[in-house]
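Working notes for the structure below.
Residue numbers run from 1 in the order of the sequence given. Quick caveat, the model's predicted, so the values are computed rather than measured.
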Amino acid sequence: MFSGASNLQIDGKGRLAMPTRYRARLQQQCCGRFVCTVDFESRCLLLYPEDQWQIIAEKLMSLSDTQPLERAMKRLLLGHAQECAMDKNGRLLIPASLRGYASLDKAAVLIGQLNKFELWNEQAWQQQLDDSMQALQDADLSSSPRLQDFAL
C-alpha cells in the first residue's frame, strides 16, 4: 500500500521518476506496469498499478451503458485510461493528453492513496491541501457516520 507525498520533476519528454522507495515493491506487485487515467472529481491523474486497475475495471464493467451518470463515468475513466510502464531507470512516461488534463509541466506531486497514486500539478496540490484543511475545519464531522467516531 502506498502513502506519502513526493515532489517530482517531469522532464521534457513527459517522464517522471517513481520514488525509489516504491520501485522494488511495484516491480514485484505489477512488474512496473500501470494504468493512468483522469480523476473525475479533481484535475489530477490517477495512477493504478496494473493489478489494482483490474479491480477498478471489474467495477466499471458492472456499470450501465444506458444510465447517463454511469455511462459518463465509464467514458471518462476508460476513455482516458492509458497503459504505461516503468523503464529500467524507474521512469514513467505520462502521455501528453493526460499531462494536459492535469496541467502537469515540470513540478508535480505524487500522492500515495493506498491502492493507487494521485499525480498533481504542484500548485494545484497546494490549493487542494488548503481547501481540504478549510473544509475539515468548517465541517461537522458528526454528520458523517463514517467520520463521527474517526479518531487518530
Side-chain angles (χ1 to χ4, degrees), residues 1-11 14-26 28-30 32-64 67-82 84 86 90-92 94-152:
M1 295 297 152
F2 312 106
S3 61
S6 302
N7 291 309
L8 305 174
Q9 294 296 313
I10 298 176
D11 70 16
R15 298 175 300 191
L16 60 88
M18 285 300 289
T20 306
R21 70 178 185 264
Y22 297 129
R23 291 181 193 177
R25 188 171 357 148
L26 290 166
Q28 182 180 22
Q29 178 180 341
C30 63
R33 292 190 305 263
F34 297 87
V35 173
C36 188
T37 191
V38 299
D39 184 333
F40 58 86
E41 294 183 11
S42 301
R43 282 289 183 166
C44 69
L45 301 179
L46 302 175
L47 188 59
Y48 286 92
E50 190 176 59
D51 62 321
Q52 294 298 309
W53 175 255
Q54 293 308 314
I55 296 167
I56 301 304
E58 288 174 20
K59 290 179 183 181
L60 290 169
M61 284 178 53
S62 73
L63 296 179
S64 171
Q67 296 297 320
L69 285 176
E70 293 180 26
R71 189 173 187 182
M73 183 180 290
K74 286 174 74 170
R75 281 182 173 156
L76 282 173
L77 292 175
L78 294 171
H80 289 92
Q82 296 198 36
C84 50
M86 284 192 307
R91 297 175 302 192
L92 289 174
I94 305 299
S97 61
L98 293 174
R99 290 194 318 268
Y101 174 85
S103 300
L104 295 171
D105 187 20
K106 294 184 181 191
V109 183
L110 186 74
I111 309 299
Q113 293 292 296
L114 299 178
N115 67 327
K116 65 181 177 289
F117 297 97
E118 292 178 350
L119 185 58
W120 288 82
N121 166 288
E122 187 177 54
Q123 291 175 323
W125 171 246
Q126 189 58 55
Q127 185 63 52
Q128 177 64 38
L129 282 177
D130 295 344
D131 293 347
S132 294
M133 185 65 81
Q134 190 63 52
L136 287 170
Q137 289 172 354
D138 294 345
D140 174 15
L141 298 182
S142 65
S143 67
S144 171
R146 287 186 281 215
L147 294 178
Q148 64 187 357
D149 294 326
F150 191 83
L152 298 174

Measuring only between side-chain heavy atoms, which start at C-beta, is [X] closer than 4.5 Å to [Y]?
X: Lys74; Y: Ser64; value: no
X: Leu110; Y: Pro19; value: yes
X: Cys84; Y: Val35; value: no
X: Met73; Y: Phe40; value: yes
X: Leu60; Y: Leu78; value: yes
X: Leu92; Y: Leu47; value: yes

Verify whether one side chain among [X] and [Y] offers a donor that lies under 3.5 Å from an acceptor in the other.
X: Ser62; Y: Glu58; answer: no
X: Asp130; Y: Gln134; answer: no
X: Glu118; Y: Trp120; answer: yes

Original post:
Taking the six-membered ring for Trp, are Tyr101 and His80 parallel (under 30°), tilted (30 to 60°) or perpendicular (over 60°)?
Top reply: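 Judged by the thresholds at 30° and 60°, the geometry between Tyr101 and His80 is tilted.
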
Check: [Y] main-chain N/O paired with [X] side-chain donor or acceptor under 3.5 Å:
X: Asp51; Y: Cys30; result: no
X: Thr37; Y: Leu77; result: yes
X: Asp11; Y: Arg15; result: yes
X: Glu122; Y: Ala108; result: no
X: Arg43; Y: Ala124; result: no
X: Arg99; Y: Ile94; result: yes
X: Ser132; Y: Leu129; result: no

**OP:** Give the minimum heavy-atom separation between Asn115 and Phe2, together with the two atoms involved.
**Re:**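 Where Asn115 meets Phe2 most closely, the heavy atoms are C-CD1, 4.2 Å.
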
Original post:
Can we call the ring centroids of Tyr48 and Phe117 under 6.0 Å apart?
Top reply: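 No, too far apart.
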
Original post:
If you count the non-hydrogen atoms of other residues, nucleotides and ligands that lie under 6.0 Å from CD in Gln123, is the total more than 12?
Top reply: no

Subject >> Gln28 CD: over 12 foreign heavy atoms closer than 6.0 Å >> reply: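 Counting other residues, nucleotides and ligands, CD of Gln28 stays at 12 neighbours or fewer.
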
Original post:
Quick one: side-chain hydrogen bond (donor to acceptor under 3.5 Å, both in side chains) partners of Trp53, sequence neighbours excluded?
Top reply: none

**OP:** Begin from the C-alpha positions of Met86 and Met18 and carry the test side chain to side chain contact (heavy atoms under 4.5 Å, CB included) through to its verdict.
**Re:** CA-CA 8 Å; Met86 284 192 307; Met18 285 300 289; 3.7 Å; yes

